[in-house]
Number of protein chains: 2
Amino acid sequence: MTPSIPQAADTSSQTQVLFERLRSAVLNLDLMPGQRLTERGLEASYHASRTPVRAALMRLESEGLAQRDGRGWIVAPIDLDEIGALAELREAVETAAVRLAVVRASDADIEALAELLESTRPVGDEEEGVRAGGDFHGELASLSGNAPMTDAVRGAMTRLARTRWLEVRTPESREHAWAEHRAVLAALRARDADEAARLLGAHIRSTNERLVAHLAADRRRLRARGLAVLPAATP
Amino acid sequence: MTPSIPQAADTSSQTQVLFERLRSAVLNLDLMPGQRLTERGLEASYHASRTPVRAALMRLESEGLAQRDGRGWIVAPIDLDEIGALAELREAVETAAVRLAVVRASDADIEALAELLESTRPVGDEEEGVRAGGDFHGELASLSGNAPMTDAVRGAMTRLARTRWLEVRTPESREHAWAEHRAVLAALRARDADEAARLLGAHIRSTNERLVAHLAADRRRLRARGLAVLPAATP
DNA sequence: TCGACCAGTTTGGGATACCAAGATGGTGTA
DNA sequence: TACACCATCTTGGTATCCCAAACTGGTCGA
């Protein structure tokens with residue numbers, strides 16, 4: 001269920017177009033975390049009337065990429081607490097999903113996922129690797145045949161996507177992540193649920209630990225760049 | 001985090017009021033599953049202009065209570081597949097959340113939850129019990145201190161809430177569910193993560209199995225009442 | 001100098017009007 | 001009788017316009 005979603009690509013609706021443009025702008029940090037957004041400002045910047053602007057903002061809100069701030073809107077800040085919490089959610093949902101996938105995914109499904117993974121092998125430039133990683137986790141979850149789980153994973157990956165610009169990822173670390181994905185896939189191929197869940201859980205946990213440590217250390221510098229980075233509460 | 005949410009109760013905004021009225025109407029089956037909704041129809045019925053009507057519909061959509069159907073809107077149908085999938089999601093998320101709660105919840109938090117549970121003891125009338133059950137699961141999840149997990153659980157409970165009108169629940173079955181909640185709470189009090197997770201997972205699974213079996217058997221009758229009930233795909 | 005108050009501006013919430021695409025229904029033809 | 005076609009109506013999408021609340025500056029008084 002919900003395998004790849006070819007997308008009907010409603011290029012028509014202004015709301016749709018605007019939503020996608022705003023979404024990209026947020027994810028690429030063209031709109032900075034914490035930045036104030038005004039409907040009239042966006043109306044002017046994107047040459048659309050307030051009606052689609054408001055609709056797009058509401059969609060961004062439901063994706064967690066924009067928030068209300070009093071009466072107005074802001075780009076969702078980077079929230080270290082949220083990042084940690086999302087990792088916990090992902091560990092719970094993704095490990096459960098991969099266990100279901102072990103039982104439910106067809107060999108063809110698994111091979112398609114393997115192909116996706118292989119195609120990202122020559123881990124492209126900087127951030128392309130992380131985007132590919134997000135896709136992998138989403139597609140892997142979809143093999144569970146469970147749409148709400150898949151949505152939860154994709155939603156979490158979306159909320160986490162901006163961190164790819166904030167984290168220093170070396171070619172080695174990307175290679176390492178890719179290898180871990182490959183190991184999970186191997187366990188899935190072998191229909192070994194325990195092993196697949198164990199590897200996936202460890203991968204999510206360790207990747208997150210490195211990310212949070214890095215962001216916490218860089219918080220001052222990131223804020224200096226104008227990004228709103230909310231601190232982690234006392235653990 | 002996100003303990004009870006006292007709600008600022010923005011009684012002001014028409015959008016807010018309309019959203020809550022529509023939400024109640026959907027959850028109470030005043031608006032039947034699968035029923036077509038038109039913005040102009042709602043505009044007339046609820047005495048508000050299309051702007052807040054559309055905003056409210058978009059919020060309902062993000063909660064999964066309304067859907068787009070081509071160009072228009074419908075009340076989300078009852079989908080047996082979705083119900084099963086949500087149970088799987090809940091099992092994954094709630095068991096992980098209760099494990100976190102075992103570590104993080106304060107004694108006071110736990111006692112507050114116990115109080116909530118006790119207050120629903122004389123399991124009121126028919127559906128009141130199920131609503132209380134949903135609240136319990138949401139509050140329990142919130143003791144994890146993990147907002148995304150809590151949101152996921154509350155969202156799932158919302159999507160499942162309408163089933164309370166479709167399922168025959170005897171005083172005995174409600175008493176049984178209440179007892180299982182109490183057992184989970186006892187394990188949480190004892191700070192026994194494995195036991196709490198085991199009990200909670202079993203509770204979610206068994207409750208769901210009974211529900212799905214019941215709905216599948218009654219599908220014909222329910223459809224006769226005008227409810228759109230989508231069948232389960234082949235397992 | 002510091003702070004409270006006030007006019008002007010900005011902003012989101014809401015109400016409407018218009019439009020094009022889709023759905024409806026009826027009619028005329030084969 | 002059955003089917004195709006066209007006028008009409010309905011509906012969501014979009015563009016504006018008005019309003020009240022919130023915000024901004026700046027001035028005046030203690």
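By convention in this document, chain letters (A, B, ...) are assigned in the order of the sequence lines, proteins followed by strands, and residues within each chain are numbered from 1. Everything numeric in this text was worked out from a predicted model, so none of it was measured.
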d(CD, B:Gln14; P, D:dC19) in whole Å: 16 Å
Rounding to an integer number of Å, can you tell me how far A:Tyr46 OH sits from D:dA15 P? 16 Å
Kindly assign one of parallel, tilted or perpendicular to the pair A:His181 and A:His137, based on the angle between their ring planes and the thresholds 30° and 60°. perpendicular
Is it true that a side-chain atom of B:Arg36 and a backbone atom of B:Ile74 form a donor plus acceptor pair closer than 3.5 Å? no
N/O donor-acceptor pair under 3.5 Å between A:Ser106 side chain and A:Asp109 backbone: yes
So, is A:Ser12 near the phosphate of D:dG13, with a side-chain N or O under 4.0 Å from OP1 or OP2? no
Those residues of residues 50-68 of chain B lying under 4.0 Å from DNA chain C by at least one heavy atom: B:Arg50, B:Thr51, B:Pro52
Does A:Thr38 reach the main-chain N or O of A:Gly41 with its side chain, forming a donor-acceptor pair under 3.5 Å? yes
Output yes when a side-chain donor or acceptor of A:Trp165 lies under 3.5 Å from a complementary backbone atom of A:Leu27, and no otherwise. yes
Start with the C-alpha distance between A:Leu215 and A:Leu211, add both sets of side-chain angles, then the distance that settles side-chain contact (heavy atoms from CB on, under 4.5 Å), and finish with yes or no. CA-CA 6 Å; A:Leu215 291 182; A:Leu211 171 61; 3.8 Å; yes
Look for any protein N or O under 3.5 Å of an N or O in nucleotides 9-11 of chain D and output each such pair with its distance, or none.
residue, atom, partner, partner atom, Å
D:dT11, O2, B:Arg71, NH1, 2.9
D:dT11, O2, B:Arg71, NH2, 3.3

5' to 3' on DNA chain C, which nucleotides open and close the contacts with chain B (atom under 4.0 Å from a heavy atom)? C:dG14 to C:dG22
Hey, is the main chain of A:Leu116 close enough, under 3.5 Å, to the side chain of A:Ser119 for a donor-acceptor pair? yes
Is it true that a side-chain atom of B:Asp79 and a backbone atom of B:Asp81 form a donor plus acceptor pair closer than 3.5 Å? yes
Given atom CD of A:Gln16 and atom C1' of D:dG13, what is their separation to the nearest angstrom? 13 Å
A:Asn146 side chain to A:Met149 backbone, donor-acceptor under 3.5 Å: yes
Got A:Ser49 and A:Gln14 here, is their nearest side-chain heavy-atom distance under 4.5 Å? no
